[in-house]
Amino acid sequence: MGRGERPLMNALAAASSAEPLGILRLEALTYYVHELPRVRAFLTEKLDFEEIGKADAPLELRGKQEAAVFQAGNAVLVVCAPHGPGGRAWRYLRKHPEGVGTLSFAVENIDHAFKLIETRGGTIINDIERFQDDHGTLAMFSITTPFGDTTFRFLERRGYKPLFPGFVMHPTPQGGHNRFGFGAIDHVTSNFQTMSPALLWMKHVMGWEPFWDVKFHTEDVAHHGIHGIHGTHGSGLKSVVMWDPDSGLKFACNEPLRPFFKNSQINVFSEDHRGDGVQHAALSAPNIIETVKG
């Protein structure tokens, strides 16, 4: 494991710090899957998440998809499965395997975040939408990203209770009880066949900063390469972690590393995923050994 020349990292670090968007936390990840019952069983029985609610019938009809929400600690997952053609889940799964389609960020001031992103050249999908219930207001908008077909959503809550308009809380949470003690989503890792554009976008549109970087080959691939035979698997990669200093959110970004580009699990992911995208989200746990045993 070692560092090499880092012209991009140096350029990112040398750039002046941008005004923060006012992100408070990563509020939820939205997954698009083919079969909700199978994923429900995995999350509640294997990972011990609670199912806390679901989309109501009118929302399912409009969105042409069913959705359930699962929570462990502060980690919230919205899982959507298509009901026939035409909805967002259906469009995503027509192109990709099951995966993360949206990251939702809570922000202090929605108008401030919208103005900064628009001024910096971000591609905004919709104007700010505003909703109200008996408890308060919710405002939100979404943008496209370099993370393949994964979008970012920004939300400002002022006492608004539902996770999203059309969300219905179960009277009693169903499923697990978070026996592993998951606390929150620690970081999100994404893979790119070329990550420089994504890093520059994170810096200049999102206002994030470089946190850490590394490049390496695993020994199995390196060993086979020495003898002129590329291995059938491996993790040759370059990785840069970007972060939002105010919220502490971290985003690990990877690309394949020569001379084992084709063997790299980063390249394999991009080929199997049919494009760049989120590879995994890491959950914080108080005791990783006991969590893995469980």
Side-chain angles (χ1 to χ4, degrees), residues 3-30 74 100-130 138-158 184-215 237-255 276-282 284:
R3 299 169 188 260
E5 294 299 321
R6 303 187 300 157
L8 179 60
M9 279 294 294
N10 293 337
L12 288 171
S16 58
S17 296
E19 184 178 358
L21 295 178
I23 295 173
L24 299 172
R25 63 188 176 278
L26 180 57
E27 185 168 281
L29 294 181
T30 299
N74 291 320
V100 177
T102 301
L103 279 69
S104 296
F105 301 90
V107 296
E108 295 176 357
N109 186 306
I110 198 78
D111 296 291
H112 173 76
F114 185 96
K115 181 179 178 180
L116 282 181
I117 290 173
E118 185 174 44
T119 300
R120 294 170 181 171
T123 304
I124 297 173
I125 296 173
N126 59 286
D127 290 326
I128 298 173
E129 300 176 284
R130 302 182 189 273
L138 172 70
M140 62 184 185
F141 71 95
S142 298
I143 66 173
T144 63
T145 75
F147 296 74
D149 290 313
T150 299
T151 59
F152 283 6
R153 179 181 293 135
F154 302 89
L155 308 99
E156 176 197 311
R157 294 184 183 277
R158 301 293 180 189
I185 296 170
D186 181 83
H187 65 271
V188 175
T189 296
S190 300
N191 292 343
F192 307 88
Q193 286 208 317
T194 175
M195 69 177 170
S196 293
L199 297 178
L200 292 170
W201 181 88
M202 288 180 232
K203 176 67 181 179
H204 295 291
V205 175
M206 296 297 293
W208 296 345
E209 299 179 4
F211 181 81
W212 182 82
D213 73 294
V214 70
K215 63 179 184 178
L237 61 85
K238 291 191 291 186
S239 183
V240 175
V241 178
M242 299 292 287
W243 78 314
D244 175 49
D246 283 3
S247 65
L249 290 174
K250 296 180 178 67
F251 288 78
C253 307
N254 303 319
E255 73 175 19
D276 301 335
V278 175
Q279 183 197 52
H280 70 261
S284 64

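Counting from 1, the numbers follow the sequence of the chain as shown. Only a predicted model underlies this, so the values are computations on that prediction, with no experimental measurement involved.
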The reported gap from CG in L155 to CG in L138 (rounded to nearest 0.5 angstrom) is 5.5 Å
CD1 of I23 to CZ of F154, rounded to nearest 0.5 Å, is 5.5 Å
One should read off an interatomic distance between N109 CG and E156 CD, to the nearest 0.5 angstrom, of 5.5 Å
When every non-hydrogen atom of A281 is compared with those of L29, the smallest separation belongs to CB-CD1, 3.4 Å
query = Considering only heavy atoms from C-beta outward, does the side chain of E19 approach that of L116 to under 4.5 Å?
reply = yes
Distance-only criterion, 3.5 Å: show the donor-acceptor pairs between side-chain atoms of residues 143-153 and protein atoms not counting sequence neighbours.
from: T145; atom 1: OG1; to: F147; atom 2: N; distance (Å): 3.0
from: T145; atom 1: OG1; to: T150; atom 2: O; distance (Å): 2.6
from: D149; atom 1: OD2; to: K95; atom 2: NZ; distance (Å): 3.2
from: D149; atom 1: OD2; to: H96; atom 2: NE2; distance (Å): 2.5
from: T150; atom 1: OG1; to: V100; atom 2: O; distance (Å): 2.7
from: T150; atom 1: OG1; to: F147; atom 2: O; distance (Å): 3.4
from: T151; atom 1: OG1; to: G101; atom 2: O; distance (Å): 3.4
from: T151; atom 1: OG1; to: T102; atom 2: OG1; distance (Å): 3.1

Under the side chain to side chain contact (heavy atoms under 4.5 Å, CB included) criterion, do S190 and F251 qualify, and how do the steps go? CA-CA 7 Å; S190 300; F251 288 78; 5.5 Å; no
Sorted by chain and residue number, the side chain to side chain donor-acceptor pair (under 3.5 Å) partners of R25 (sequence neighbours excluded) come out as none
Side-chain donor/acceptor pairs under 3.5 Å, residues 242-249, sequence neighbours excluded:
from: D244; atom 1: OD2; to: S247; atom 2: N; distance (Å): 3.2
from: D244; atom 1: OD2; to: S247; atom 2: OG; distance (Å): 2.6
from: S247; atom 1: OG; to: L249; atom 2: N; distance (Å): 3.3

Please examine the side chains of E209 and K203, heavy atoms only from C-beta on, and report whether any two atoms are closer than 4.5 Å. yes
The side-chain contact (heavy atoms from CB on, under 4.5 Å) partners of T189 (sequence neighbours excluded) come to H187, N191, A252, N254, Q279, H280
The side-chain contact (heavy atoms from CB on, under 4.5 Å) partners of R130 (sequence neighbours excluded) come to I110, D111, I128, A139
Applying side chain to side chain donor-acceptor pair (under 3.5 Å) to E108 and not counting sequence neighbours gives none
Taken in chain and number order and not counting sequence neighbours, the residues that satisfy side-chain contact (heavy atoms from CB on, under 4.5 Å) with D127 are F114
OG (S239) and CG (D213) are apart, to the nearest 0.5 Å, by 8.0 Å
(message) Checking the side chain of H204 only, and the main-chain atoms of A18 only, is there a donor and an acceptor separated by less than 3.5 Å?
(response) no
Taken in chain and number order and not counting sequence neighbours, the residues that satisfy salt bridge (Lys or Arg N to Asp or Glu O under 4.0 Å) with R157 are E27
Hits for salt bridge (Lys or Arg N to Asp or Glu O under 4.0 Å) against R120, two or more places apart or cross-chain, chain-then-number order -> none
Can you confirm whether L24 sits close enough to V107 that some side-chain heavy atom of one is under 4.5 Å from a side-chain heavy atom of the other? no
Distance col, row I124:CD1 vs F141:CZ, nearest 0.5 angstrom, shows 5.5 Å
Residue set satisfying salt bridge (Lys or Arg N to Asp or Glu O under 4.0 Å) with K250, at least two apart, ordered chain then number -> none
Evaluate side chain to side chain contact (heavy atoms under 4.5 Å, CB included) for K238 paired with M195, printing each intermediate quantity in order.
CA-CA 9 Å; K238 291 191 291 186; M195 69 177 170; 4.0 Å; yes
Taken in chain and number order and not counting sequence neighbours, the residues that satisfy side-chain contact (heavy atoms from CB on, under 4.5 Å) with E129 are N126, F131, M140
Here the gap from D276 atom CG to C253 atom SG, rounded to the nearest 0.5 Å, amounts to 10.5 Å
